[in-house]
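Counting starts at 1 for both ligands and their atoms, following the listed order.
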Amino acid sequence: MLLQRVMFLPLFTQWNRQTTKNLVPRFPAVRLTGFRSNSSVPDVKERTLIAVKPDGVQRRLVGQIIRRFEQRGFKLVGLKMLQVSEELLSQHYCQLTQKPFYPSLVEYMTSGPVVVMVWEGQNVVQSSRAMVGPTNPAAAPAGTVRGDFSLHVSRNVVHASDSLEGAQREIQLWFQGKELVKWGCWDQTLTCEE
Ligand code: IDP
Ligand code: MG
């Protein structure tokens, strides 16, 4: 049995190397090195903050939500899981602290970990809001995250920045510059015109 494994390993490694080589298309703008930083990759500046809220994490929706953004063609440049402090939350929701629902919003948002992400791409702020759907899931069309996964405004699964300025402010609040990764995505020249 052990002998079989030892004999199989070099074969598998060889197959794996060849298959990987054939599977990675050769696009002129980005060679394999382009998976790291590459100056020939279009420098798309627009970024937004998306967070899977505690109900989304508890319900194991993180993967499905990430999948939607990947599938659309956006690029993930930051990702982390954390337990939010009330202090951070009050800065994040600074415009809502006087609302009657704010105490229950704090309770909800601190009830468990959140997964917070920065996504980059053409028109990503506006497109993400459309993908996430309106604040109240009752009004959210099917096909949106909130329309597909939630029922009530107090448990609406996901956060998305609502403007370019808001996105910039929120990204700085949740992430340090060094936590955001600049990398070349090989399909960028296919999903966007340079
Ligand atoms: P948004 O998340 O769609 O941008 P905001 O108005 O910024 O909506 O509100 C932030 C969050 O506060 C909402 O996502 C929701 O979790 C919560 N929220 C907003 N309105 C209500 C409400 O009327 N009752 C309970 N929670 C609310
Ligand atoms: Mg908002």
Donor-acceptor pair, [X] side chain versus [Y] backbone, under 3.5 Å?
X    : Y    : value
E46  : V125 : yes
Q64  : L61  : no
R146 : V157 : no
W183 : L76  : yes
R68  : M131 : no

Output side-chain donor-acceptor pairs under 3.5 Å for residues 163-170, partner residues at least two apart or in another chain, one line each.
{"from": "S163", "atom 1": "OG", "to": "G166", "atom 2": "N", "distance (Å)": "2.9"}
{"from": "R169", "atom 1": "NH1", "to": "Q91", "atom 2": "O", "distance (Å)": "2.9"}
{"from": "R169", "atom 1": "NH2", "to": "H92", "atom 2": "O", "distance (Å)": "2.9"}
{"from": "E170", "atom 1": "OE1", "to": "H159", "atom 2": "NE2", "distance (Å)": "2.8"}
{"from": "E170", "atom 1": "OE1", "to": "S161", "atom 2": "OG", "distance (Å)": "2.7"}

Enumerate, one pair per line, all nitrogen or oxygen atoms of ligand 1 lying under 3.5 Å from a protein nitrogen or oxygen, stating the separation to 0.1 Å; write 'none' if no such pair exists.
{"from": "ligand 1", "atom 1": "2 (O)", "to": "R146", "atom 2": "NH2", "distance (Å)": "3.0"}
{"from": "ligand 1", "atom 1": "3 (O)", "to": "R129", "atom 2": "NH2", "distance (Å)": "3.4"}
{"from": "ligand 1", "atom 1": "3 (O)", "to": "T135", "atom 2": "OG1", "distance (Å)": "2.5"}
{"from": "ligand 1", "atom 1": "3 (O)", "to": "R146", "atom 2": "NH1", "distance (Å)": "3.0"}
{"from": "ligand 1", "atom 1": "4 (O)", "to": "R129", "atom 2": "NH1", "distance (Å)": "2.9"}
{"from": "ligand 1", "atom 1": "4 (O)", "to": "R129", "atom 2": "NH2", "distance (Å)": "3.4"}
{"from": "ligand 1", "atom 1": "8 (O)", "to": "T135", "atom 2": "OG1", "distance (Å)": "3.1"}
{"from": "ligand 1", "atom 1": "14 (O)", "to": "K53", "atom 2": "NZ", "distance (Å)": "2.8"}
{"from": "ligand 1", "atom 1": "14 (O)", "to": "N156", "atom 2": "ND2", "distance (Å)": "2.8"}
{"from": "ligand 1", "atom 1": "16 (O)", "to": "K53", "atom 2": "NZ", "distance (Å)": "3.0"}
{"from": "ligand 1", "atom 1": "16 (O)", "to": "N156", "atom 2": "OD1", "distance (Å)": "3.4"}

